[in-house]
Amino acid sequence: MGAPLGAQSRCTCRYLLIVLSAALILTPLIFASSPRALASESTGPAEQALALINSYRAWLGLPPMTRHPALEAAAMAHARYYQLNYGDPSLAGMGLHQEQEGKPGFTGTSMADRARAHGYAGSVNENIGLSGSLTTSVRWFMGTVNHRLPLIDPRYTDIGFGWVSEGDIRIEVIMVGAPNWSEAASPEWVAWPADGTTGVDTHFWGEAPNPFAGTSFPVGYPITLKYFGPGDVVFTGASLLADGQPVEIVFATGSGWLSRRTALVAATSPLEPGVTYTYTITGTANGQPFSYQASFRTAASPDEPLARAGSSAALQLPEGLADAPPAVQRVWWSTDAAVWLETEGRSWLWGPDIWATLEEPYAESPGSQRTVYYLDKARLEITDQGGDPASPWFVTSGLLVRDMILGAAQVGDNAFQPIGPAQVPLAGDPATLNPDAPTYASLHHLAAIAPGRAQPDRTGQPVVEVLAKDGTVTTDPSLGTIAYGWYDSVTGNNVAAVFWEWAQEQPWDWLYVLGHPISEPYWIRARVAGAEQWVLVQAFERRLLTYTPSNPAGWQVELGNVGRHYYEWRYGQPPPEA
């Protein structure tokens with residue numbers, strides 16, 4: 001059940017004063033949505049800290065965090081408040097998270113107030129370190145309990161950094177945010193350290209608030225196991241073995257905002273260096289018994305970094321995605337990471353990697369160019385790099401199918417570059433091996449790309465229409481095994497029940513991924529791996545769905561390779577290999 005976790009350098013900084021206050025849910029209706037400008041600071045330290053945090057999250061199978069302008073401004077403002085009021089006795093312990101109205105630099109009494117003042121709508125939390133280095137504080141946070149949890153919580157996907165390091169005045173403020181809060185999240189279990197981790201520190205010197213009340217410090221490196229699944233969780237026991245021998249532990253269930261539904265385990269004395277430890281945590285989750293077991297090895301020397309044995313290559317993001325902005329990575333990670341990590345057996349939603357990153361003309365983008373990212377089954381786009389990266393539409397999915405059927409590439413909100421409808425098969429093998437299959441061009445005179453093409457609502461009737469390559473439509477009643485399942489009044493098209501039911505079962509927003517349907521569903525004859533067969537196809541604005549009855553269950557509905565089709569059409573050459 002263990003999940004992989006990321007590379008970390010060890011830190012046993014006893015002098016580091018760090019506190020954490022409870023997360024608060026902020027109501028979006030209470031405050032403004034437009035973020036203020038970022039503080040004018042070097043982005044180097046923040047980029048390094050974000051890369052470190054996102055490496056931990058990647059190892060755990062969590063989506064990367066994205067820097068949010070409002071959280072960044074709030075964090076920087078609080079760091080400045082600390083600088084302007086340095087020496088004030090109220091700025092100690094949990095008071096580090098508070099500001100007092102009337103004092104220099106005041107922007108809000110609590111972290112919630114500061115997030116509100118700078119325009120963030122959502123749930124927020126805050127870590128504060130006094131080390132003089134963002135990355136040092138991040139590493140220290142990961143060796144604690146309460147400060148670790150917000151950084152490896154799948155619900156927190158936004159982040160902001162503020163810091164001051166001038167002489168004796170040192171502070172690092174990291175604010176994390178969740179646009180929408182929920183008790184459940186994916187993956188269901190998040191454990192640290194994960195199975196196979198090496199270079200784990202030996203000591204835990206404590207933190208405020210104290211997760212192990214009544215315990216004398218130092219103790220062994222803390223172990224956390226948090227449940228994000230449905231229903232309730234009850235932890236009934238835990239054990240720790242050192243090279244197979246029992247170790248005395250302190251075991252607790254967290255009671256704070258973030259430590260709820262979390263098992264906390266630590267040896268009552270510091271761990272031994274270079275020793276393999278195995279922990280087991282038992283209980284019931286959603287009414288079912290569970291036993292979670294994982295092993296890790298402590299660092300054999302003070303300079304051994306945290307790593308995970310045998311996983312450095314396999315657990316890095318694919319090459320193209322590794323170079324993409326976190327907001328793009330997050331779109332991919334939230335769906336296709338499960339396929340990549342082989343935890344789900346299904347076809348790709350986007351594709352295994354980005355194989356082309358281009359600047360393409362777009363009139364409304366800064367400099368009249370927007371950045372686009374090609375994957376096998378789609379193209380992701382950032383039209384305005386200066387927009388809000390936390391917005392669900394900051395990264396969009398291109399209207400590629402619409403363009404290929406229309407025969408023109410969109411180069412502005414109301415501007416198109418004529419190319420001609422795409423002579424690319426809708427399904428099956430490439431055109432050279434599949435010469436008689438209908439293409440995107442076959443739909444040019446049928447699709448809802450021009451006024452007056454709305455179809456009547458046929459919900460419940462059988463789909464018997466057959467599309468030929470020349471665009472003619474005939475009927476074959478023997479094919480009527482699939483019914484129309486839903487009618488979209490926006491485009492005036494019926495959606496085959498097999499596609500609509502499949503889309504409704506998915507965890508993603510169908511409109512974001514597919515767009516509106518722009519054609520009726522049609523049966524076509526296509527060559528698939530050299531064999532001619534019946535395939536049901538339907539064009540949506542962003543995607544093409546296919547249904548192949550002869551495929552195994554779970555693989556009958558698939559997404560066409562629209563990203564590759566579009567690139568071939570627009571650039572007149574085969575796309576590069578992923």
Side-chain angles (χ1 to χ4, degrees), residues 347 401-402 404-406 421-429 431 434-506 510 514-562 565:
S347 60
V401 174
R402 187 277 314 271
M404 286 190 285
I405 294 174
L406 178 65
Q423 301 288 344
V424 179
L426 292 171
D429 299 335
N434 197 17
D436 299 323
T439 66
Y440 293 90
S442 304
L443 293 170
H444 180 71
H445 296 290
L446 298 169
I449 55 174
R453 296 187 180 179
Q455 302 295 318
D457 186 342
R458 297 172 180 158
T459 302
Q461 299 177 26
V463 179
V464 295
E465 286 73 21
V466 178
L467 176 69
K469 185 175 181 179
D470 64 3
T472 59
V473 178
T474 58
T475 60
D476 184 344
S478 68
L479 296 172
T481 57
I482 302 297
Y484 296 102
W486 180 70
Y487 181 72
D488 188 344
S489 60
V490 174
T491 57
N493 281 118
N494 296 275
V495 178
V498 68
F499 295 142
W500 184 242
E501 291 167 3
W502 175 83
Q504 297 309 297
E505 292 171 355
Q506 306 308 312
W510 71 269
L514 303 176
H516 289 285
I518 55 174
S519 84
E520 295 288 282
Y522 296 105
W523 289 101
I524 68 170
R525 293 292 284 176
R527 289 188 176 274
V528 182
E532 191 171 275
Q533 56 186 288
W534 286 108
V535 180
L536 185 67
V537 301
Q538 182 156 17
F540 293 74
E541 293 172 301
R542 310 176 193 276
R543 300 297 191 100
L544 187 86
L545 289 183
T546 66
Y547 169 73
T548 308
S550 59
N551 279 357
W555 296 86
Q556 292 176 319
V557 175
E558 295 181 283
L559 293 143
N561 287 328
V562 167
H565 295 168

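Between the side chains of Q556 and T548, no donor-acceptor pair of N or O atoms lies under 3.5 Å. Residues Q455 and N493 have side chains that never bring a donor and an acceptor to within less than 3.5 angstrom of each other.
Between V537 and Y547 there is no side-chain heavy-atom pair separated by less than 4.5 Å. Using a 4.5 Å cut-off on side-chain heavy atoms (C-beta onward), V466 and T475 make no contact. L514 is not listed as a side-chain neighbour of R542, based on a closest heavy-atom distance of 4.5 Å or more. The side-chain heavy atoms of W523 and V464, taken from C-beta on, include no pair separated by under 4.5 Å. Annotation: side chain of L467 is in contact with side chain of L443 (closest heavy-atom distance under 4.5 Å). Under the 4.5 Å side-chain criterion, counting only non-hydrogen atoms from C-beta, H565 is not in contact with L544. Contact of the I449 side chain with the H444 side chain is registered, since non-hydrogen atoms from C-beta on lie closer than 4.5 Å.
In this structure, F540 has its ring center at least 6.0 angstrom away from the ring center of H516. If you look at W486 and W502, their ring centroids are not closer than 6.0 Å.
For Q461 (side chain) and Y484 (main-chain N/O), no donor-acceptor pair under 3.5 Å exists by modelled atom type. Checking side-chain atoms of K469 against main-chain N and O of P425 turns up no donor-acceptor pair under 3.5 Å. Under the 3.5 Å distance criterion, the side-chain polar atoms of Q538 are matched with a main-chain donor or acceptor of N494. A donor-acceptor contact shorter than 3.5 Å links the side chain of N551 to the backbone of W555. In this structure, the side chain of N434 engages the main chain of R527 through a donor-acceptor pair within 3.5 Å.
Nearest heavy-atom pair across P517 and D488 is CD-OD2, 3.0 Å. Scanning both residues, I524 and A427, for their nearest heavy atoms gives CD1-CB, 4.1 Å. Heavy-atom minimum distance, I405 versus A539: CD1-CB, 3.8 Å. Listed here is the closest heavy atom pair of A441 and Q423: CB-NE2, 3.5 Å.
Among the candidates T481, V463, L545, the single residue satisfying the side-chain contact (heavy atoms from CB on, under 4.5 Å) test with L536 is V463. Across V562, L426, T439, a single residue satisfies side-chain contact (heavy atoms from CB on, under 4.5 Å) together with M404, and that is V562.
Interatomic distance, CD1 of I482 versus CD of E501, reported as 8.5 Å (0.5 Å rounding).
Of the charged side-chain nitrogens involved, at least one lies within less than 4.0 Å of a carboxylate oxygen, so that E532 and R525 count as a salt-bridged pair.
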